[in-house]
Amino acid sequence: MKILVTGANGQLGSEIKGLAELYSNLEFVFAGRSELDICNKANVFEFVSKNQIDGIINCAAYTAVDKAETHYKAAELVNATAVGNLVSVAEEQNLKLIHISTDCVFDGNGHIPYVEDFEVSPIGVYGKTKRFGEEYVLNSESESIIIRTSWLYSIFGHNFMKTMLLLGNQRDEIGVVFDQVGTPTYARDLAQTCLGILSRKEKINGKGKLYHYSNEGAVSWYDFSKAIMEMGKVDCRVNPIETKDYPTLARRPAYSVMDKSKIKDDFGIEIPYWRDSLKECILRLKSKG
Ligand SMILES: NC(=O)c1ccc[n+]([C@@H]2O[C@H](COP(=O)([O-])OP(=O)(O)OC[C@H]3O[C@@H](n4cnc5c(N)ncnc54)[C@H](OP(=O)(O)O)[C@@H]3O)[C@@H](O)[C@H]2O)c1
């Protein structure tokens with residue numbers, strides 16, 4: 001089976017690239033934005049036909065959460081309209097599709113882990129546009145699933161872990177919010193999950209379309225940051241602050257922990273604890289230099 005990975009130079013796309021050779025039953029075509037802009041429907045159809053694609057993992061997205069507040073059209077084009085393009089090609093050419101979405105479809109007012117059918121109510125442009133993207137997949141006849149994830153980090157790209165390590169090396173102390181709780185996700189773990197699902201012989205949507213995936217556990221950004229400094233051996237004091245003292249353009253959900261029972265049960269996967277994955281990622285980052 002030949003898999004197209006869109007947005008291939010982002011965090012998740014890069015982690016999939018790094019794992020690809022371990023999946024000998026899958027062939028890959030990696031396309032960054034310059035090889036394939038998913039907003040261009042004609043190009044998407046042409047690219048898929050020319051490369052004889054059987055499945056797509058959509059890692060492309062407009063992920064600048066704050067910038068999205070003032071760039072609605074740009075965010076909507078990538079996070080929603082372009083997902084419609086991928087769904088159309090998947091329907092017409094009988095492709096499998098894994099689309100990645102976000103915990104930001106929830107408003108964050110919950111206090112127990114969200115199951116897949118918990119009511120969505122995004123509070124920002126990023127979450128709203130990602131929800132519109134989900135709707136294309138949910139309404140599609142194609143063999144497609146959505147995996148919602150949260151707080152993604154990796155040795156590649158830009159993310160909270162790398163920002164903390166950078167700031168920690170520049171400053172003596174830093175304030176991080178303790179009143180937003182969620183679960184970090186090591187992009188390599190999510191990449192493994194996507195590839196494992198596509199490697200199976202069964203239909204990928206045999207039991208449903210929506211799944212949640214993050215690492216195990218729940219933590220505040222403050223606690224996550226403390227662990228990053230400790231594991232990264234960075235001597236920087238982390239002070240707990242409240243969200244009201246760290247204003248951002250886009251509001252963030254206060255509680256965004258997701259229930260992962262469904263993906264574990266349906267696909268028989270085990271999910272690593274967030275601290276174990278963070279440790280592995282920081283070791284990899286250090287060995288990369
Ligand atoms: N990052 C998080 O914390 C987080 C949390 C929850 C869910 N997610 C979801 O997880 C998925 C993967 O996220 P990520 O962190 O790996 O994202 P990322 O690192 O920001 O990568 C996204 C990639 O998509 C590319 N892209 C943007 N517009 C495109 C277009 N029109 N056509 C083709 N490629 C395009 C970007 O290219 P350029 O660099 O050229 O723009 C970038 O390489 C996304 O669906 C995201 O919404 C992320």
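The figures that follow rest on heavy atoms only: side chains count, while hydrogens, waters and symmetry mates do not. Both ligands and their constituent atoms are indexed starting at 1 by order of listing.
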From [options] - option closest to [atom] by heavy atom:
{"atom": "atom 45 (O) of ligand 1", "options": "Glu35, Arg148, Lys130, Glu15", "answer": "Lys130"}
{"atom": "atom 27 (C) of ligand 1", "options": "Gly7, Gly133, Ser14, Ala61", "answer": "Ala61"}
{"atom": "atom 32 (N) of ligand 1", "options": "Asn40, Leu152, Val105, Ile38", "answer": "Ile38"}
{"atom": "atom 33 (C) of ligand 1", "options": "Thr6, Asn79, Leu36", "answer": "Leu36"}

Within ligand 1, which atoms have a heavy atom of [X] less than 4.0 Å away?
{"X": "Ala60", "result": "24 (O), 33 (C), 34 (N), 35 (C)"}
{"X": "Tyr126", "result": "7 (C), 8 (N), 9 (C), 46 (C), 47 (O), 48 (C)"}
{"X": "Asp37", "result": "30 (C), 31 (N), 32 (N)"}

Next on the checklist: So that I know where these two stand, are Tyr211 and Phe267 an aromatic pair - ring centroids less than 6.0 Å apart?
Outcome noted: yes

Checklist entry - Within 4.0 Å of atom 8 (N) of ligand 1 (strictly less), any protein heavy atom? => result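 Yes, there is a protein heavy atom closer to it than 4.0 Å.
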
Is ligand 1 less than 4.0 angstrom away from at least one heavy atom of [X]?
{"X": "Cys39", "result": "yes"}
{"X": "Gly157", "result": "no"}
{"X": "Ala31", "result": "no"}

Next on the checklist: Quick check on Gln170: does its CD atom have over 12 non-hydrogen neighbours (other residues, nucleotides or ligands) under 6.0 Å away?
Outcome noted: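 More than 12 within 6.0 Å, yes.
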
Next on the checklist: Donor-acceptor pair, distance only, cut-off 3.5 Å: does the side chain of Ser144 make one with the backbone of Ser142?
Outcome noted: yes

Next on the checklist: Tell me which one of Phe178, Tyr153, Phe160, Tyr246 satisfies ring-ring contact (aromatic ring centres under 6.0 Å, His included) with Trp221.
Outcome noted: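 The passing option is Phe160.
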
